[in-house]
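See structure below.
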Amino acid sequence: MNIKLSSLLDTIDNFFEVEKHRLPNLVPLGIGIGICIYFSLDNEPHLFIGWFAFLLSFTLFASYKFFSRKNTEFKRLTYKYIADFILSGFLLITFGFLISQIRTRSVDTFMITENLKKPISFAATIDSCETTEKGLKFIVSNACRKYNDEANKLCKKFNKLHLIWIGEKARNAVLDYIPGSRVLFRASLSPIRPQAFPGAYDFKKQQYFKGISARGFIINPPEIIQKCKQATLRVYIEQIRHSIDKTIEKYLPKNTAAIAKALTTGNTAGITKKIRTTFSNSGIAHILAISGLHIGIIGFFIFLIVRLLLCCITPISMFFDIKKIAAIASWIIVLFYLQISGCSVSSIRAFIMHTVVVIAILFDRTAFTMRSVAVAATIIMVYSPEVIMFPSFQMSFGAVIAIIAYVESDFAAPRFLKWLSEVVITTIIASIPTSIISISVFNQLTLNSILANIVSIPLMTFYVMPILMLALFLIPIGISQPIILLAGFGIDLLMKIAEKTAQLPGSFFVMPTPTNTVFAIIIASFLLFTLIHHKIRFIGLAGIFVGIILYFIQPIADIFVAPNTKVIGIRVENTTCFSHLGYFRSMTDSWSRSVGIEKRNNFNSKACSKYIAKIDKDTYEANIRGRKIIVTKAKNTEHSDDITFTLNKGINKFAEIIYLNEMKKISTKKIKRPWS
């Protein structure tokens, strides 16, 4: 036993010796675990719990450090490593938990819970105005009414409002509404859509942290009360974005302009559903959102161009370090582009990493390392802990971690295949973690993404983005039309690539949502395999395969119940059957995809009638994989010999899902958080 223990301790000692320079890269991992624990809770914990846990962990860590320094024989070196690792991990986890609590309480967005009985008129300041497929989308703030009534008191509680104006008048009026203007709206307001069912993506949580109090549909054309006079920096940037969007719309066709705006100002509202679906099915939907790819392209080209230009000026190239000058110039341009593009999570991550790279160049250090990813993740999570729960953060960091882990592995390809192999391999490697996130959030797997990315990314890197960046500098001068038209040619080619790839076999698979346990096992194993260089990393590789096996044998929900039992859904073989397809359309669609099925049918349809029979207006009999199930709204039922689920009509305001294999029912009723 002593020999085995000694061998174990030697292995641990060897692990910490090998990895001691990389252990700081695990700092965001500890903070992230604390954040995930906080957001996974069903009830909002008291702030005292967060502070108590953090102060306790800090006291234990500080005491251990103080005592171990005073007594060098306190523990063997191996034990010290273990104690350091455990106590520092505990400290980081409690810190992540605490900052999540503080962030949630500091946001404190007021959100309405019921539809307003009638439309109301109010004045508000435009934060942003974007063209959509059907009209205009406004984000407004500082709402108030002329009259000091109950509606005015409600308006003053609002932080921001998400308003939609649909129709021909809306599409033609985009030029009239400039950010910073005071506008009179008349709109019908309703709550933000809640979590569709237990385990579904919580859109309402995302809107809570964005400060959106309600959504609404504009009834009458908004009336401009006062145009913006003295703009703040934020409003001024929004006005620049608005002006760029108008210029692009002026010179390019509708669909081409929508993508061009997405690549420059981050405005994706105008992209049609058809184009989104095409890009999604081809596996290049990430191109439509400003991400680290775009920031990296801009930073690389500005660095390259400035350095080449300075090389041509002999006095500068002889007496100054032009590499450092080019790095600073690229940082300034990337900062400008970050502000113009809307500051998405992935672009902020790329900007922070670019900043670390520039600092490394200035101090003659190695630039592209996992340490820069750790710094970016730590800064973002401390500032906005909630972003770790959203797919943009997960996909962005998952892809870049995988790529850097590959770069650090020193894989050497043959010289004549080097460029092609790098493009193919990095595309495959980046696709693995993003595919996992895509299955978890969007229930979609695209096998053709590698082919589409191999063609589209070079086109984006060497043609579309450099030309669009040049157009941004020429727009204020008024000579941007030919450059924008050139960019439009490349964007049209991108759309053709997406269309052709989406039509190939294997472009689209609907996959069931992994359980939280399976998802955690796969992600933890992925991080172990990529962040650690010790041979213990191969446990992570094994863990990924275990997670995949568990994914394919995990339980899948069989019955879905919408709020107030307005819709009942039942999973049968290769389709999902619903009592009504008119209500809760987004809920029924989301649930169908979450169980890995694309088709939806009505109980009365041919596909469902052989599995489901209507006994009376409140009771259905279903045959699910050989099991007879009675689903009823009635309080009393004569079908006591069968498995019976009674639905409490009229009082159940929450969505439910039922697992027949485990005889388990899960409801959103138990979730009581500020955003729910």
[X] side-chain N/O to [Y] backbone N/O, donor-acceptor pair under 3.5 Å:
X: R186; Y: I218; result: no
X: S100; Y: G96; result: yes
X: T256; Y: L252; result: no
X: Q554; Y: T515; result: yes
X: T132; Y: G135; result: yes

Any heavy-atom pair between the side chains of [Y] and [X] that's under 4.5 Å?
X: I112; Y: F158; answer: yes
X: L445; Y: S435; answer: yes
X: Q394; Y: I523; answer: no
X: Y611; Y: I624; answer: no
X: Y659; Y: K665; answer: no
X: M111; Y: Y208; answer: yes
X: T109; Y: I212; answer: no
X: I629; Y: L660; answer: yes

Practice item. Decide side-chain hydrogen bond (donor to acceptor under 3.5 Å, both in side chains) for T576 and R600; before the verdict, give the C-alpha distance in whole Å, the side-chain angles of both, and the deciding distance to 0.1 Å. Key: CA-CA 5 Å; T576 49; R600 294 180 301 151; over 6 Å; no

Exercise for review: Begin from the C-alpha positions of N159 and S213 and carry the test side-chain hydrogen bond (donor to acceptor under 3.5 Å, both in side chains) through to its verdict.
Suggested key: CA-CA 6 Å; N159 188 352; S213 297; 5.9 Å; no

Review point. Can the ring centres of F217 and W165 be said to be less than 6.0 Å apart?
Key: no

Review point. Below 6.0 angstrom between ring centroids: does that apply to Y177 and F138?
Key: yes

List the atom of [X], the atom of [Y], and the distance in Å for their closest heavy-atom pair.
X: I340; Y: I244; result: CG2-CD1, 3.8 Å
X: A502; Y: N281; result: CB-CB, 4.0 Å
X: R349; Y: F397; result: CG-CZ, 2.9 Å
X: A214; Y: S190; result: CB-O, 3.6 Å
X: Q206; Y: F390; result: CA-CZ, 3.5 Å
X: I35; Y: P385; result: CG2-O, 3.3 Å

Review point. Could you walk me through whether I522 and V518 pass the side-chain contact (heavy atoms from CB on, under 4.5 Å) check?
Key: CA-CA 6 Å; I522 293 176; V518 171; 4.0 Å; yes

Practice item. Check whether NZ of the Lys or CZ of the Arg R193 lies under 6.0 Å from the centre of the six-membered ring of F203 and within 45 degrees of that ring's axis. Key: yes

Exercise for review: Would you kindly check if the NZ (Lys) or CZ (Arg) of R673 is within the cone defined by 45 degrees around the ring axis of Y38 and under 6.0 Å from the six-membered ring centre?
Suggested key: yes

Exercise for review: For F185 and S121, run side-chain contact (heavy atoms from CB on, under 4.5 Å): C-alpha distance rounded to whole Å, both residues' side-chain angles, the deciding distance at 0.1 Å, then the answer.
Suggested key: CA-CA 6 Å; F185 295 95; S121 299; over 6 Å; no

Got a salt bridge between [X] and [Y], using NZ or NE/NH1/NH2 to carboxylate O under 4.0 Å?
X: R593; Y: E598; value: no
X: D558; Y: R571; value: yes
X: K261; Y: E249; value: yes
X: E150; Y: K153; value: yes
X: E238; Y: R241; value: yes

Review point. Hey, is CG on N516 packed in by over 12 heavy atoms from elsewhere, all under 6.0 Å?
Key: no

Exercise for review: Could you check whether the rings of F39 and W675 sit parallel, tilted or perpendicular, using 30° and 60° as the cut-offs?
Suggested key: tilted

Check your understanding: How many angstroms lie between OG1 in T278 and CG in L494, if you round to the nearest 0.5 Å?
Key -> 13.0 Å

Review point. Is the gap between the SG atoms of C608 and C577 under 2.5 Å?
Key: yes

Practice item. Under the salt bridge (charged side-chain N to carboxylate O under 4.0 Å, His left out) rule, what do E386 and K205 come out as? Steps first, then yes or no, please. Key: CA-CA 9 Å; E386 73 279 0; K205 181 198 297 182; over 6 Å; no

Check your understanding: Between S141 and D127, is a side-chain hydrogen bond (donor to acceptor under 3.5 Å, both in side chains) present by the stated rule, with each step listed?
Key -> CA-CA 7 Å; S141 59; D127 287 352; 3.1 Å; yes

